[in-house]
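Working notes, beginning with the structure itself.
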Amino acid sequence: MALSPLNQRRWRNFKANRRAYWSLMIFALLFGLSLFAEVLANDRPLLVNYRGEWRTPFLTFYSEADFGGDFKTEANYKAPEVECLILTGGLESCFDDPEGISAAVKAGSFDPATEGFAQGSILWPPIPFSYNTINDLGGQAAPSAPDSTHWLGTDDTSRDVLARVIYGFRLSVAFGLIVTVLTSIIGIAAGAVQGYFGGKTDLIFQRLLEIWGGVPELYFIIIVFSVWQRSFWILISIMVLFGWTRLIGVVRAEFLRARNFEYVRAAKALGVKDRVIMFRHVLPNAMVATLTMLPFAVAGTIGSLASLDYLGFGLPASLPSLGQLSRQAQQNLQMPSLAFTAFFTFAIMLSLLVFIFEGVRDAFDPRKTFQ
């Protein structure tokens, strides 16, 4: 689908802003990789070749019995017995000396074919831990420092920090974008109605906003989560409930300014519907001021999520959270790697988002043209 001449000019202006363009490229790469977090960091193999049949454990449930074991529960692919069963194709002697047989198969000194079994294989992700995997540190205290196994170390419950950063980055960005889109739609619509019609409509809206603005958000969240369990979508609903007022002031001011312009009066005289005038003619002129607020809206939403997680009133503890990582850094000052990881993750993520939206804002501004 070809872009209109106006949008082509906006895209050229955005590309000419090198900081915004390269921030978009870097952010798209990082967020794109995080969308495949299950492929990058997982405690289940990507592929398993068992008796000539390829299986995908990271997508499908397989019990230990599916690999020749005894239990119907999900296979623990890091257990020596399960690994031996996969590599040997279900050799019964795996229960006698699983580590020795697995090592012999890997070294090529043991051929399952002589025992009547087909040799299998296991393909692990680059990071063989998920965000909730409790790791065996071999007697080492948690949190642990970065090493060749855990590239960013582990947290105070022995979970891999890098895996939690990957999953937490995806969750934080998705949360911020969802909340910003929903609040922007509601806030822009409400501000447009308030500014375009003015009069009593504007007056009533302003009084309602003053009342709603006096409701303490944190207390409301505490009360809600004392009744219902914490969840991703309930927290999004609460953030939208309190965040939609953020853009009303800017949009309202733009519509109050534009409602008396000559082209608006001419459109009214020609019988054009108010809905068409508001969203086809006036709103595009108000988008520059609106887009100026979006970087702060996204960054503020992600920061609010991190703050709530830090205080213990955010996402469920079972989900990966960058705010929880910050709290662990504060509680474990003897492990500075946690603090450095949390700081640089937030700094890079929020800086890229702000640079991108600054470029979008300038691209929509008809008064700015980049060479």
Task: side-chain contact (heavy atoms from CB on, under 4.5 Å) between M349 and I302, worked out - done: CA-CA 10 Å; M349 175 173 54; I302 295 177; 3.8 Å; yes

Task: Heavy-atom pair of closest approach, residues A41 and A163 - done: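 Looking at all heavy atoms of both residues, the shortest contact is CB-CB, 3.9 Å.
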
Please check if atom [atom1] in [X] has more than 12 non-hydrogen atoms from other residues, nucleotides or ligands closer than 6.0 Å.
| X | atom1 | answer |
| --- | --- | --- |
| W212 | CH2 | yes |
| F340 | CZ | no |
| F36 | CZ | no |
| Y219 | OH | no |
| E210 | CD | yes |
| E262 | CD | no |
| K268 | NZ | yes |
| F343 | CZ | no |

- [ ] Would you please test R159 and I134 for side-chain contact (heavy atoms from CB on, under 4.5 Å) and show each step?
- [x] CA-CA 5 Å; R159 297 173 297 189; I134 306 299; 3.7 Å; yes

Open item on the list: Can you confirm if the aromatic rings of F197 and F255 lie within a centre distance of less than 6.0 Å?
Closed with: no

Open item on the list: Working to the nearest 0.5 angstrom, can you tell me the gap between W54 CH2 and L46 CG?
Closed with: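 The CG atom of L46 is 11.0 Å from CH2 of W54, to the nearest 0.5 Å.
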
Task: Any donor-acceptor N or O pair under 3.5 Å, side chains T133, N135 - done: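 Their side chains do not contain a donor-acceptor pair, so the 3.5 Å distance test is not met.
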
Open item on the list: Tell me whether the NZ or CZ atom of R164 lies within the 45° cone about the ring axis of F169 and under 6.0 Å from its centre.
Closed with: no

Open item on the list: On the six-membered ring of Y196, is R259 placed so that its NZ or CZ lies under 6.0 angstrom from the centre and within 45° of the ring axis?
Closed with: no

Open item on the list: Apply the hydrophobic cluster definition, ILVMFWY joined by side-chain contacts under 4.5 Å directly or through others, and give me every member besides M335.
Closed with: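 Taking Ile, Leu, Val, Met, Phe, Trp and Tyr as members, M335 shares its hydrophobic cluster with I127, F129, W151, L152, V161, L162, V165, I166, L325, L338.
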
TODO: Just jot down the salt bridge (Lys or Arg N to Asp or Glu O under 4.0 Å) partners of R265, sequence neighbours excluded, or say none.
DONE: none

